[in-house]
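Some notes on the structure that comes next.
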Amino acid sequence: MEKQRYERPVIIKLESNMPNKFGLRTEYKPKTHIDNVSVKDLINEYGSPLFVISEKTIRSTYKNAKKAFTTRYPKVQFAWSYKTNYLSAVCNVFHQEGSWAEVVSGFEYDKAIKNGVDGKKIIFNGPDKTEKDLTKAIENDSLIHIDHLDELYTIIELSEKLNKKPKVAIRVNMDTGIYPMWDRFGFNYENGQAWDALNKIMRSKKLDLVGLHTHIGTFMLSPQAYGTAAYKLAELAIGIQKKYDHEIKYIDMGGGFASKNTLKGAYLPGVDTSPSFDDFSEAITSALINSDFKPDKLPLLILETGRALIDDAGFLLGTVISNKRLSDGKRTTIIDVGVNILFTSFWYDHKVTPAQPFTQYTEDTVLYGPLCMNIDVIRENASLPLLNKGDNIVIHQVGAYNMTQWMQFITLRPKVVMIDMDGKTHIIRENESIDSITSFEKVPEYLKKFEL
Amino acid sequence: MQKRKLNIAVTGLNAIDSPGPGVAVIRALREANSFDVRIIGLAYESLEPGIYMHQLVDKTYQIPYPTAGIETLLARLEYIQSQENLDVIIPNFDAELYSFIKLSPKLKKMGINTFLPTIEQFEERQKINLPEFGEKYDIRVPHSTAIYNIREIYGQASEFSYPLLVKGKYYDASVAYNADQMKTYFNKISAKWGLPIIIQEFIHGTEYNTTGLGDGKGNTYASFPMRKQYITDKGKAWGGISIADKKLLELTESFISSTKWRGVFELEFMKNQKNEFYLLEINPRIPAWIYLAVGVGQNIPEGLVNLAMGNKIKPFKEYKVGKMFIRYAYDMIVDISEFEQISTYGEL
Amino acid sequence: MIKIKSNIAISDSGFIFNPANGESFSANPIGIEFFNFIKQGKPQEDIFENMLEKYNTDKNTLEKDYSDFVQTLNQFQLLDQDAEKEA
């Protein structure tokens, strides 16, 4: 006779709390497969922890987003936000789908060029662009989004030196009723900074003002704020048309759309409450269409959304190291996934699902990472099924920022694999080894020997 | 003629000192003239009194908290539907309404009817949106603002004078008399209900409430005002009386017609010394004192079920003034075997 | 020797009621088995042997889980402290 699956014994005190309506999240179904590939097989082949990216999910999410905008507005262009996930394989899926590149540093710029993106289709954002970076961008006819006046003056100087008319836009920050207001980037709309910068650009006659850009915040749950922002950019564009008889070619609404993750402190799960692409699109496109643009002169609408396009496609697989109890009897589970590779656990209650079947019994559990550091907490409190040592778990919606903000700390960073459209897996980033880390180091000769 | 028997599921069985409306709703449904009922209780916790009131509730199922997500709730409701063949669900908690509204098309396909506000109505009347709501529908509301960070308190407080109200997004409200108290309440309420926290002008005066039923097209099916006579330390009415106040009725009917409200609601007003009514809160659900509706001759839960079932009903034009409700607590005797049943199997 | 208080029983559903202080508890199926074995006064080794026959697990896991379970019973005041002292 086959033996039954073992589950650790558990006894729970029935607390007679009256409804506080603020219960714990429990996942009710195991996640045994990603795109029909077994989680166990993935871990057996590539090790644990392991990042897994579903190409199918990227493409379907992208198509869904594109459809939300193109059905409402005539000219739409997406630009992949490199900082959200700049693994080349991921970037190239977006480029194959038609996305331009949106970069915020010389490093990201070079990466886009290396990936084969035409310089004309790179949007260069951010406060830190060196003269060298700007020279390259000007020579390649890239779209430079100016963040501050010092940069504006540098670009004017370079245009003279290179005898080229750089294609520029300014980044505009504004009050959209959202807190906090991201007024550290770009030029303010309400206090006239934006107009001041636009006047300087137009009067210099050295720059080709092609667009207007804004990026109102991150993990935005209010589509209406985008409507307000789009309306204000449209006002600016129409003002420039009137004043200088100059046509603005595109309006870049930036990114910041919330993904389906659940923010810490949120009452309802993000999957139920985050606005859809249709919601964002409706707010943005109706603001533009209802503005004073002539119907045949509507500018190109550029979107740099990152998080909402990639979060769902990323999974992080892990393994249970141990079950323990704290001094007060509180259940804790240690897994091999730490905050060093799951940065987003600082602000999300990530959905964590066992990779094998389980019963309906659960225990309130603190989920710790493997680092010997007190901050290494993946979930402060989760109602989890009874996991055994060696069981596998799947952490959901980790595609955004984790594979760029992760750090090599205490442990080595794991492999990243992509499951392609046919269900075949490809390593898209190797795991680190002791050598890959020490190869960057140099030990002075006199420190090479010691006796203990 | 034999009346049709409807299977109706009701949440909010927590008839405690800060009660949910479920038990009152069930009592009203049991007195309905147009149908008979089998009542299915839906409970979150195993000690909700309604679970054990077998003369009112035929069977109870535990359901997952809204925080578990819509998919989980749907799975549970599908199971319950396979057992009970529900005709109608009446959700009664603010915190669960979002999920039920989102689920209502799926529930309809399963044969379960609801009659809830639209998601737009639900969002628009959120406490955090009250200032915009007042402006849009030309209803006087207290000055209020939503804050996300404790640092904002000092900036915002200058717009207000003490005392002021510190409110949670869904529940809880405390009166703060100084900045320290405001900070304490901010922390306390945000820890429980999340952000934002609403800071609201405190209007001195007398509290009035109205309830009613709108058909979603702007027509009023029922509405009447009530004045709270005795308020518990939790701010809940323990006694109240139906009154004749034309201004309140007007305000309520204009609320229904301008918002095209769908379903039952409760409006909380404060009348200041100058006899001006301020709208403090819009509850998008049945109030806990709804049994008074039966007392005044407007069985609102019955009307709600009929609208949910697509039946034609005649609007109530009159109500009895001077009907009081006086709440009381009642100790039931329950054997532990019943508690075992609900807490281990989730059904009783 | 570990002994569960004589007035405490577990139902088939895993429900445990402590009549002395009015507290109640709930156990999962494996918890019920452990509880009943302990209640019957079965020695540890016999319990493990029984479990190993039935379930896909190993002795280390059982030992660890057993002692964790007993600790929890103790924390919930379900064990007969006098019996332990006598032993």
Side-chain angles (χ1 to χ4, degrees), chain A residues 1-18 23-24 26-28 30 32 40 319-335 354-368 382-393, chain C residues 2 4-5 8-39 42 44 47-79:
Chain A
M1 196 185 82
E2 206 186 325
K3 288 186 185 179
Q4 297 175 31
R5 184 180 144 76
Y6 177 79
E7 181 181 74
R8 67 169 191 261
V10 65
I11 171 169
I12 295 162
K13 188 167 174 178
L14 295 170
E15 306 275 6
S16 310
N17 285 338
M18 279 320 293
L24 298 152
T26 310
E27 314 309 341
Y28 282 77
T32 56
K40 300 263 169 208
T319 304
V320 174
I321 296 172
S322 178
N323 289 307
K324 285 178 83 168
R325 281 186 195 278
L326 298 178
S327 58
D328 62 357
K330 172 95 189 169
R331 165 64 68 195
T332 73
T333 293
I334 308 170
I335 54 175
Q356 52 282 310
F358 52 87
T359 66
Q360 77 271 31
Y361 297 92
T362 59
E363 229 179 337
D364 291 354
T365 308
V366 192
L367 206 54
Y368 289 128
S383 180
L384 284 180
L386 309 172
L387 295 161
N388 296 322
K389 174 178 185 273
D391 277 354
N392 298 123
I393 50 118
Chain C
I2 293 155
I4 288 171
K5 284 181 181 161
I8 291 171
I10 192 163
S11 76
D12 293 343
S13 71
F15 184 80
I16 298 161
F17 176 61
N18 183 348
N21 61 11
E23 288 179 341
S24 36
F25 307 88
S26 176
N28 67 341
I30 306 248
I32 299 172
E33 287 194 55
F34 270 108
F35 187 98
N36 281 328
F37 282 137
I38 298 168
K39 179 94 186 161
K42 228 183 208 59
Q44 250 190 66
I47 297 177
F48 296 162
E49 208 172 295
N50 252 293
M51 300 297 278
L52 281 170
E53 240 168 66
K54 191 165 165 194
Y55 294 102
N56 188 10
T57 184
D58 56 79
K59 197 154 171 225
N60 282 347
T61 306
L62 283 173
E63 244 180 60
K64 206 191 78 167
D65 288 350
Y66 174 82
S67 74
D68 182 77
F69 190 71
V70 169
Q71 264 180 38
T72 312
L73 292 178
N74 193 29
Q75 196 195 342
F76 290 155
Q77 298 175 45
L78 296 171
L79 296 183

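Just so we're on the same page: letters track the sequence lines, and every chain starts at 1. Small disclaimer: the values here were computed from a predicted structure and weren't measured.
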- Message: Using a 4.5 angstrom heavy-atom cutoff, name the option from C:Glu33, C:Gln71, C:Lys64 with the most pairs to chain A.
- Response: C:Lys64

- Item | Any C:Asp68 side-chain heavy atom under 4.5 Å of A:Arg331 side chain | yes

- Note on the structure: Honestly, the part of A:Arg8 sitting under 4.5 Å from a heavy atom of chain C is both

- Message: Would the distance check show the side chain of A:Glu7 and the main-chain N or O of C:Gly31 forming a donor-acceptor pair, the cut-off being under 3.5 Å?
- Response: no

- Considering only heavy atoms from C-beta outward, does the side chain of C:Asn28 approach that of A:Thr359 to under 4.5 Å? no

- Item | Heavy-atom contact with chain A under 4.5 Å, split by part of C:Thr72 | side chain

- Exceeds 12 heavy-atom contacts within 6.0 angstrom, atom NZ of A:Lys324: no

- Query: Are side-chain heavy atoms of A:Pro9 and C:Phe35 found at a separation under 4.5 Å?
  - Reply: no

- Message: For a quick test of reading the model, state the closest non-hydrogen atom pair linking C:Gln75 to A:Gly329 and the distance between them.
- Response: OE1-CA, 4.0 Å

- Message: Could you go through A:Tyr361 and C:Ile30, starting from their C-alpha distance and side-chain angles, then the distance that decides it, and tell me whether this counts as side-chain contact (heavy atoms from CB on, under 4.5 Å)?
- Response: CA-CA 11 Å; A:Tyr361 297 92; C:Ile30 306 248; over 6 Å; no

- Which atoms of A:Asn388 come close to chain C, meaning under 4.5 Å heavy atom to heavy atom: side chain ones, backbone ones, both, or neither? neither

- Please test A:Lys389 against C:Thr61 for side-chain contact (heavy atoms from CB on, under 4.5 Å), starting from the C-alpha separation and ending with a verdict. CA-CA 9 Å; A:Lys389 174 178 185 273; C:Thr61 306; over 6 Å; no

- Task: Step through the shown structure and confirm whether more than 12 heavy atoms of other residues, nucleotides or ligands are within 6.0 Å of NZ on C:Lys5.
- Result: yes

- Message: With a 3.5 Å distance limit and no angle check, can you tell me whether A:Lys3 reaches the backbone of C:Thr57 through a side-chain donor-acceptor pair?
- Response: no

- Message: Less than 4.5 Å to any heavy atom of chain A: does that hold for the side chain of C:Phe15, its backbone, both, or neither?
- Response: side chain

- Would you give the length of the straight line joining atom OG of C:Ser24 to atom CG of A:Leu14, rounded to the nearest 0.5 angstrom? 4.5 Å

- Inspect the surroundings of CG in C:Asn21 and state if more than 12 heavy atoms from other residues, nucleotides or ligands are less than 6.0 Å away. yes

- Message: Using side-chain heavy atoms (C-beta onward) and a distance below 4.5 Å, is C:Leu78 in contact with A:Ile11?
- Response: yes

